[in-house]
Student: 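The structure's right below; bear with me while I get my questions together.
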Amino acid sequence: MDLKPTKPLSGFIELLPAAQRFVDFCAARMLGVLRTCGFSYLDLPAIERAEVLTDKDNWDEIETQMYLFQKGDTKMGLRYDGTVGLSRYVAGHLNELTFPFRASQFSKRYRGERKQRGRYREFYQMDMDIMDINSLSTNYDAEIISVIQRTLDSVSEFIGDNYVLVGSRPFWDALFDYLGLTDNQKKEIFILIDKRDKIDDAEFSSWLSDILKNETLENEIKSVFTNGYAYFKGKSDKLDTAIKELTDFVEKLSVLGVKNAKIDLSITRGLAYYTGLVFEFKLSEYPELGTAAGGGRYANLVEKFSKTKIIGVGAAIGFSRIFVALSESGKIDLSKFESSVDVAVLIMGNENMPYAISVLNALRDNKIPSVAYLDTDKKFKNQIEYADKIMAKFSMIIGEDEVKNNFVTLKNMANGNQQTLPLADAIKLVK
RNA sequence: GCGGAUGUAGCUCAGCUGGUUAGAGCGUCGGUUUGUGGUACCGAAUGUCGCCGGUUCGAAUCCGGUCAUCCGCCCCA
């Protein structure tokens with residue numbers, strides 16, 4: 001009979017124990033930061049109604065990368081991000097929530113795209129969002145950025161330093177209006193700007209020229225990257241508003257203590273629901289991972305669910321992209337996550353088991369991570385090999401002599417030293 | 001969905017321009033050592049050489065197709 005495959009589906013992740021411990025350790029630290037920053041943790045459904053997930057405007061694009069299916073008459077799909085489900089949740093619990101509402105999430109997301117480095121079909125993202133009714137100060141945009149930085153910094157011993165690039169969709173909207181571009185041109189240039197870090201200047205110029213076919217306009221667009229956004233001051237009221245927002249925002253970030261922040265107008269975050277400032281975090285030491293976290297302001301997303309005007313600002317940390325990718329790449333030293341237990345209890349002969357189990361329970365009562373090798377008839381060599389392989393810090397050996405004298409033999413697995421002593425003393429040494 | 005590369009033992013790979021019984025290291029298991037691991041030595045098991053077809057006296061090797069994986073593109077709310 002043919003054996004069934006042992007590899008998971010392409011793009012789905014499973015980790016070895018040490019890598020999983022590393023990932024869990026980082027997640028716990030980062031979630032601790034979010035709790036400290038006053039976010040309420042939510043665990044929302046992985047499956048949503050299809051109509052919640054899809055946007056009829058660009059169904060074709062979505063369909064290829066979303067997991068959709070049907071049970072009975074209900075069309076549903078797996079969530080592809082955390083923001084859409086949160087918008088539904090907030091709109092559905094308006095009267096029960098206190099605004100500004102601060103929510104954090106840490107959950108699996110699903111996208112049916114081809115696997116690439118740091119990009120999976122099933123992956124974790126860690127989200128934080130702040131939503132309020134009718135208005136929401138850009139002070140909150142700045143706070144979100146400072147919270148992400150705090151979160152990333154909490155695991156900087158593994159991922160190194162980070163920096164943040166801030167873009168502005170209102171600036172481009174204002175500029176496009178000022179230049180009198182068509183809707184189609186706006187859309188295409190947005191896509192082009194977003195790609196700017198992947199292509200060279202010549203390519204950028206030639207694409208731009210294909211879209212605009214007007215050298216004056218092309219030069220105006222390019223001048224944003226050479227002369228900076230301040231160059232467009234005084235051209236139109238909308239531009240002035242957008243420029244002032246950016247200038248003020250830099251000040252806010254510095255008040256909040258955000259380091260390594262820079263305005264970079266090539267950050268646009270695709271085409272979707274963002275309406276205001278947008279930002280992306282990168283890791284200085286791992287540029288190949290791309291964007292480590294990204295987000296921005298969305299003023300209109302919740303209007304799909306509620307007539308109440310709800311404005312949000314939020315971000316997602318690409319958790320799997322960072323931590324799974326790093327642990328798989330071998331760039332992280334996982335040695336301190338290799339060991340799952342402090343003590344392995346080794347039992348020489350089944351008749352010594354009752355005593356050995358009382359030792360095991362005492363260890364566990366003292367919160368010492370411990371396991372016993374319960375196949376008591378196996379040769380002692382196998383038992384101590386097991387203790388070695390699971391990298392137990394100590395072995396506690398229980399045989400005839402130990403039972404008779406009500407002692408234990410404690411062996412330090414690192415240096416091989418061992419001594420026979422009362423259990424209470426052994427526990428003190430292990431702790 | 002598109003382009004490129006790669007498929008040989010559990011893993012990493014070798015196998016020259018086709019030649020008879022398919023190779024190594026690591027790992028696994030057993031033994032030297034049934035109250036002592038990490039080192040050493042000895043031994044063993046495991047392959048329809050991704051799959052199907054073609055060329056040939058003869059295919060892991062050459063050709064075609066197919067599937068899978070990896071890298072990149074598209075996309076990335």
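Letters go in sequence order (proteins before strands), and every chain restarts at 1.
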Student: Under 3.5 Å for both distances, Watson-Crick or G-U wobble, that's the pair rule; now give the dot-bracket for RNA chain B, with | marking pairs to another strand and [ ] for crossing ones.
Tutor: (((((((..((((.....[...)))).(((((.......))))).....(((((..]....))))))))))))....
Student: Go through B:U36, B:A77, B:U28 for me and flag the one nearest to the A:Y273 side chain.
Tutor: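 It is B:A77.
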Student: Kindly say if A:K379 contacts the phosphate of B:G31, meaning a side-chain N or O under 4.0 Å from OP1 or OP2.
Tutor: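 Yes.
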Student: Heavy atoms under 4.0 Å is the rule here; annotate nucleotides 4-12 of chain B 5' to 3' with B where the base is hit, S where only the sugar-phosphate is, and - elsewhere.
Tutor: ---------
Student: Is a side-chain donor-acceptor pair under 3.5 Å present for A:D194 with A:T268?
Tutor: yes
Student: Report which part of the nucleic acid A:Q383 touches: base, sugar-phosphate, or nothing (heavy-atom distance under 4.0 Å, all strands).
Tutor: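 Answer is nothing: A:Q383 stays at 4.0 Å or more from every strand.
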Student: Using atom P of each nucleotide, how far apart are B:C41 and B:G54 to the nearest Å?
Tutor: 49 Å
Student: Taking the same atom, P, in B:A45 and in B:G23, what whole-Å distance lies between them?
Tutor: 13 Å
Student: How far does the P atom of B:U17 sit from the matching atom of B:A60, given to the nearest Å?
Tutor: 16 Å
Student: For A:E143 and A:N139, what are the C-alpha separation, side-chain angles and deciding distance, and is it a side-chain hydrogen bond (donor to acceptor under 3.5 Å, both in side chains)?
Tutor: CA-CA 6 Å; A:E143 196 208 347; A:N139 290 339; over 6 Å; no
Student: With side-chain contact (heavy atoms from CB on, under 4.5 Å) as the test, would you mind laying out the steps for A:L289 and A:L326 before giving the verdict?
Tutor: CA-CA 9 Å; A:L289 290 181; A:L326 286 181; 4.0 Å; yes
Student: Considering only heavy atoms and no angle criterion, is a donor-acceptor pair shorter than 3.5 Å present between the side chain of A:D388 and the base of B:G37?
Tutor: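 Indeed there is one.
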